Amino acid sequence: MNLIGEYTTGGAQLAAKVLAGQSALVITRCAAGDCATPGSSAAMLAERQALTLAPQQVSGNTVTYPARLISANAAAGYALREIGLYALSGGSEILYKLYRPSQVISISPDCSMTANFYLGDTVAQNRDITVTVDPAGALTLDNFSAVTDRLPVIDTSADRSYSCAAGELPGLIGSLPKLICGNIGITVTGGALSGNIILRGFYGPGTLTIQAQTPRITLDGYILVEGCALGYMTLKGFTLSGALYPLARAGLTGAAVCIKSCRGTVELCNITVTEPSVAKTGVGFYAAEGSQMCLNEVYAKNRYACLGGDNGARIYCKRFTGRPAENCTYLHHSCYGVLLQFTSDSVATLLGIVSSYTMGGCHALYSGSVSGTSTQGEAVA
């Protein structure tokens, strides 16, 4: 991404005076905005948040102003379209220069992000240049700590192992670093969990594994993995029979397990999903928005649909048993564009209806030992 800087009308006049040695250049502050401010303006039209200025860096006749943007400091989300640099001219503050990125950047206070911008300017050599910042926007140790305490902890260690009872699992997940560089393993020692397991926003080259020490941990909620981009994620040893994660899909109230907007593989091992009610409106396992889900030793029973997916999701089945509720379907019809593959070592039992309607544009590859299937629709045996 590049920054293109342009003087405002007042900024060009001030720069000329600085070049002629008739004025000092005093930079007062820096701000981000979300619209295109005309060069004739004395201030930004849509200023959204202040940026923190560091001491300037001078090389020859070029000065660089380092400016830091911390998304958590924004009052609300916005689209970053310009950065404004203010200076003193004749005793009054003016908009000195505007910098526009080559691409729009989405800023959200809910997403902990720090961006450093280096704002270049050309002036005469040996001229007096001063950068002053309002103390409210200065980066002191006190307010730096207040900001960094809200940012994800960077995990630079190798491997870490934790153990906890089922009821302590949500709290432990909430304490984990979002950036995972090593391998993190959590062993759930026993008990039942009243609530949901939510894994959201983890990223990095590392792995995250959550597994039950006992054969299975009972969960009366759902499992949601959303917005993660780890090297590999594994959840192992759970039985789900309660609440569903809401899905805005035709004919579905929700999913017991939903993998959504993830990059990298999420593997589900030794997991059983049942639906005791006769509503027949839930799906067992659902991969959404391009996610990749691997099912190994899993069982979906008494659901309206056993599997579902959308928008280019990938579902790989190693050992899978699907038993839909009576007169219901194995694949939900929203599977358009989904790759469903039964690998060569798979043993899958599909006790239900697989029709062209339920498969839609799903591309199914049956290369393992698969029984009870009908391959209408776009399927490759």
Side-chain angles (χ1 to χ4, degrees), residues 1-11 27-54 56 64-88 92-121 131-140 142-154 177-179 198 200-204 226-229 248 260-263 288-290 311:
M1 183 191 70
N2 297 320
L3 285 175
I4 300 174
E6 295 181 359
Y7 289 109
T8 63
T9 302
I27 302 298
T28 56
R29 62 188 181 93
C30 185
D34 67 355
C35 75
T37 300
S40 58
S41 299
M44 299 174 69
L45 295 183
E47 187 174 319
R48 297 305 180 195
Q49 75 173 108
L51 275 67
T52 300
L53 284 169
Q56 73 274 18
T64 300
Y65 308 101
R68 172 170 291 180
L69 183 151
I70 300 174
S71 62
N73 290 348
Y78 67 95
L80 175 61
R81 291 185 169 88
E82 62 183 10
I83 297 172
L85 201 59
Y86 287 83
L88 288 180
S92 300
E93 186 181 74
I94 66 166
L95 181 58
Y96 173 65
K97 200 168 184 178
L98 285 166
Y99 298 84
R100 295 189 173 92
S102 55
Q103 62 188 56
V104 177
I105 305 172
S106 296
I107 303 297
S108 171
D110 298 325
C111 178
S112 298
M113 179 190 77
T114 300
N116 295 312
F117 298 95
Y118 298 91
L119 313 178
D121 191 20
V131 176
T132 59
V133 180
D134 187 327
L139 189 63
T140 65
D142 289 339
N143 58 33
F144 180 73
S145 298
V147 171
T148 54
D149 286 346
R150 290 183 287 169
L151 297 177
V153 177
I154 297 178
K178 293 298 184 183
L179 174 58
I198 299 176
R200 181 180 283 125
F202 292 99
Y203 65 101
E226 181 179 16
C228 294
K260 182 179 180 183
S261 303
C262 291
R263 299 295 176 265
E289 300 172 10
N311 297 334

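The model shown is predicted, which means the values in this text are computed figures rather than measured ones. Note that these values count all heavy atoms, side chains included, but never hydrogens, waters or copies made by symmetry.
Note that OG of Ser41 is 12.0 Å distant from CD1 of Ile94, once rounded to the nearest 0.5 Å. Taken to the nearest 0.5 Å, the CG atom of Leu3 stands 7.5 Å off from the OG atom of Ser102. Of the inter-residue distances, the one linking Ser40 atom OG with Leu95 atom CG reads 10.0 Å to the nearest 0.5 angstrom. Atoms SG and NZ, from Cys228 and Lys178 in turn, are 7.5 Å apart once rounded to the nearest 0.5 Å. Between the CE atom in Met113 and the CD1 atom in Ile107 there is a gap of 3.5 Å [rounded to 0.5 Å].
Residues Gln56 and Ile27 have side chains not in contact (no heavy-atom distance under 4.5 Å, counting atoms from C-beta outward). At a threshold of 4.5 Å between non-hydrogen side-chain atoms, the residues Ile83 and Leu119 count as touching. Inter-residue side-chain proximity for Thr64 and Phe117 is flagged as unmet; no heavy-atom pair is nearer than 4.5 Å. In this structure, Thr37 and Leu98 have side chains that are in contact, with non-hydrogen atoms separated by less than 4.5 Å. Counting heavy atoms from C-beta outward, Ile4 and Tyr99 have side chains that stay 4.5 Å or more apart. Side-chain contact between Leu45 and Pro38 is present, with at least one heavy-atom pair separated by less than 4.5 Å.
Taking the six-membered ring for Trp, Tyr96 and Tyr7 have ring centres closer than 6.0 Å.
The side chain to side chain donor-acceptor pair (under 3.5 Å) search around Tyr78 returns Gln49, not counting sequence neighbours. In terms of the side chain to side chain contact (heavy atoms under 4.5 Å, CB included) criterion, Pro109 has no residue partners (sequence neighbours excluded). Not counting sequence neighbours, the partners of Arg48 by the side chain to side chain donor-acceptor pair (under 3.5 Å) test are Asp34. Partners of Ala229 under the side chain to side chain contact (heavy atoms under 4.5 Å, CB included) rule, at least two apart in sequence or in another chain, are Tyr203, Arg263. Take Glu93 and apply the side chain to side chain contact (heavy atoms under 4.5 Å, CB included) test, not counting sequence neighbours, and it matches Thr28, Arg29, Tyr86, Leu88. Scanning for side chain to side chain contact (heavy atoms under 4.5 Å, CB included) contacts around Ser108 gives Asp110, Cys111, with sequence neighbours left out.
Sorted by first and then second residue, the salt bridge (Lys or Arg N to Asp or Glu O under 4.0 Å) pairs with a member in residues 94-107 read Glu6-Arg100, Glu82-Arg100, Lys97-Asp121; sequence neighbours excluded.
Leu69 approaches Ala32 most closely through the heavy-atom pair CD1-CB, 4.1 Å.
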